[in-house]
Asker: 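My questions all concern the structure below.
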Amino acid sequence: MPELPEVEMSKRYLDSTSLHQRISNVEVHDSYVLERISARELGRRLRGRRFQKSERHGKHLFVRAGDELWLRLHFGMTGALEYLKHDKVAPKTARVIFRFSNSCALAFDDQRKFGEVGLIENVEKFLRTRGLGPDALEISFPGFKAILSKHRGATKAILLNQQLIAGIGNLYADEILFRARMHPASEAARLRDKDLARLFRATRQVLAKAIALKTDFNRLPKSWLLTRREKRGRCPRCGRALQSATIGGRTSWFCAHCQKRI
DNA sequence: CTAGATGTTAAGGT
DNA sequence: CACCTTAACATCTA
């Protein structure tokens, strides 16, 4: 479930496993995930280089491999990284494998192939071109407020719009709205300062807590909606049945009693 | 067998 | 222009 917290975990995983090793080869097992680059070119540009550091923005991960050379990873719906120690065999759905000269490797695994692997020259330029908004954990309250109040539409749709705020996906958006006790369909432009402050606090709290718990769903607090986000799920706060509705094109789960429409 | 699933984008409508 | 909905992508599971 690669939303901001999961991508942050992938960043830390990559940082702790895959830096400073000489890239000896790049195997592309399915070029469907390659973005604007051929398998041959990807290998040609990366071979002989080392991953130096990584940066995350929203759901994107950038790995520096040289001057003006960054690997860009997006995890789509099912993307994940797996470090393969000493020729350990890659998972069947590994789409790209970065082989290191120490016989270890980093696999980009992606069952559903909605992920993206590409090379870019400049992170800032990429963010601009892609039109991504500020990272959900970097944005300030004034910035958050400005974005929400300037746009019409359901609050949840704004939270999900990567061009406005980058990193929040469908699951965490539901949790954020639950913690802020706000109905997902509340008109964003109508939120008052105290509502915005609540929503901002919930955003930071949910994302930070998810990271602190290493995005392990089994360890999420019992008070969270996420663990009950399913048919016949009940509100952890009041015990009433949760409802689902399509908002912003995605399925939303919420408690109609605790989350009032503003 | 069918519907739906964590992400993104294009197309068409209001 | 700003917003909405729907469909599409690939693949698995309930």
Side-chain angles (χ1 to χ4, degrees), chain A residues 1-11 28-36 56-62 72-81 91-96 108-118 120 126-127 129-133 135-136 146-178 184-191 203 206-207 210-211 213-218 220 224-233 242-254:
Chain A
M1 291 147 271
E3 300 184 30
L4 185 153
E6 285 79 15
V7 179
E8 178 63 24
M9 295 313 293
S10 291
K11 169 182 164 45
V28 175
H29 291 200
D30 193 327
S31 57
Y32 187 89
V33 299
L34 297 187
E35 273 286 298
R36 300 150 155 259
R56 182 191 59 71
H57 186 102
K59 303 173 189 173
H60 292 261
L61 185 58
F62 307 97
R72 179 180 74 82
L73 301 175
H74 188 284
F75 297 91
M77 300 267 269
T78 54
L81 295 178
K92 200 184 298 177
T93 48
R95 308 304 180 186
V96 180
F108 178 81
D109 184 71
D110 186 11
Q111 178 188 98
R112 284 169 62 183
K113 301 198 281 193
F114 286 174
E116 299 170 2
V117 175
I120 59 170
F126 171 81
L127 298 179
T129 309
R130 186 92 165 205
L132 284 181
D135 184 85
I147 288 168
L148 273 286
S149 52
K150 275 193 194 96
H151 291 269
R152 287 181 290 159
T155 300
K156 177 161 176 181
I158 312 284
L159 292 178
L160 289 177
N161 187 335
Q162 303 300 302
Q163 320 233 53
L164 300 180
I165 301 171
I168 301 170
N170 198 31
L171 294 191
Y172 289 110
D174 276 357
E175 188 64 49
I176 288 166
L177 289 157
F178 177 69
S186 300
E187 269 292 321
R190 295 185 50 196
L191 302 186
T203 299
V206 165
L207 298 177
I211 292 170
L213 294 176
K214 300 190 187 309
T215 65
D216 180 350
F217 267 46
N218 296 319
L220 296 184
W224 279 29
L225 174 85
L226 274 187
T227 49
R228 335 251 181 127
R229 196 182 172 283
E230 60 190 354
K231 232 182 218 161
R232 293 206 298 283
L242 294 177
Q243 316 214 330
S244 69
T246 300
I247 297 165
R250 315 298 303 284
T251 302
S252 301
W253 287 89
F254 59 97

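Chain A is the first sequence line, chain B the second, and so forth, proteins listed ahead of strands; every chain is numbered from 1. Remember, it's a predicted structure, so these values are computed and weren't measured experimentally.
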Asker: Does any N or O in the side chain of T215(A) come within less than 3.5 Å of the main-chain N or O of E6(A), such that one atom is a donor and the other an acceptor?
Answerer: no

Asker: Grab the CD1-P distance between I165(A) and dG7(B) for me, whole Å please.
Answerer: 15 Å

Asker: Can F114(A) be called stacked on dT8(B) when the rule is centres closer than 5.5 Å and an angle between planes below 30°?
Answerer: no

Asker: Quickly work out the E35(A) CD to dT8(B) P distance and round it to whole Å.
Answerer: 12 Å

Asker: Measure NZ/K156(A) against C1'/dG7(B) and give the value in whole Å, please.
Answerer: 13 Å

Asker: According to the Watson-Crick and G-U wobble definitions, with both distances under 3.5 Å, which nucleotide is paired to dT2(B)?
Answerer: dA14(C)

Asker: The side chain of Q111(A) lies closest to which of these nucleotides: dC3(C), dG7(B), dT11(C)?
Answerer: dT11(C)

Asker: When the distance from OH of Y32(A) to C1' of dT8(B) is rounded to whole Å, what number comes out?
Answerer: 11 Å

Asker: Categorize A154(A) for me: base, sugar-phosphate, or nothing, with a 4.0 angstrom heavy-atom threshold over every strand shown.
Answerer: sugar-phosphate

Asker: Between E3(A) (CD) and dG7(B) (C1'), how many Å, whole number?
Answerer: 9 Å

Asker: So, do F126(A) and H57(A) have ring centers that fall under 6.0 Å from each other?
Answerer: no

Asker: Side-chain N or O of T78(A) less than 4.0 angstrom from OP1 or OP2 on dC12(C)?
Answerer: no

Asker: Rounded to the nearest Å, what distance is computed from the CZ atom of residue F75(A) to the P atom of nucleotide dG7(B)?
Answerer: 14 Å

Asker: dG7(B), OP1 or OP2 - any side-chain N/O from H74(A) closer than 4.0 Å?
Answerer: no

Asker: Does the E3(A) side chain pair with the main chain of L171(A), one donor and one acceptor, at a distance under 3.5 Å?
Answerer: yes

Asker: Between CG of D135(A) and CG of L4(A), what distance do you get to the nearest 0.5 Å?
Answerer: 5.0 Å

Asker: If the cut-off is 4.0 Å, is K113(A) near the phosphate of dT11(C), judged by side-chain N/O to OP1 or OP2?
Answerer: yes

Asker: Send over the distance from N161(A) CG to dC3(C) P, rounded to a whole Å.
Answerer: 9 Å

Asker: Of the nucleotides dT11(C), dT8(B), dA2(C), which has the atom closest to the R112(A) side chain?
Answerer: dT11(C)

Asker: Taking atom C1' in both dT6(C) and dA3(B), compute the distance separating them and give it to the nearest angstrom.
Answerer: 16 Å

Asker: Does K59(A) make a side-chain N or O approach to OP1 or OP2 of dT8(B) shorter than 4.0 Å?
Answerer: yes

Asker: Report the nucleotide, chosen from dC9(C), dT8(B), dA5(B), that has the shortest atom-to-atom distance to any side-chain atom of Q162(A).
Answerer: dT8(B)

Asker: Whole Å only: how far is the CG atom of L226(A) from the P atom of dA5(B)?
Answerer: 14 Å

Asker: With nearest nucleotides of DNA chain C determined for K150(A) and G249(A) from heavy-atom distances, which residue corresponds to the more 5′ nucleotide?
Answerer: K150(A)

Asker: Is a side-chain donor or acceptor of E35(A) paired with a backbone partner of G118(A) at a separation under 3.5 angstrom?
Answerer: no

Asker: R130(A) side chain N/O closer than 4.0 Å to the phosphate oxygens (OP1, OP2) of dT9(B)?
Answerer: yes

Asker: One pair to check against side chain to side chain contact (heavy atoms under 4.5 Å, CB included): F254(A) and L242(A). What are the steps and the verdict?
Answerer: CA-CA 6 Å; F254(A) 59 97; L242(A) 294 177; over 6 Å; no

Asker: By the 4.0 Å heavy-atom rule, please label T93(A) as base, sugar-phosphate, or nothing.
Answerer: nothing

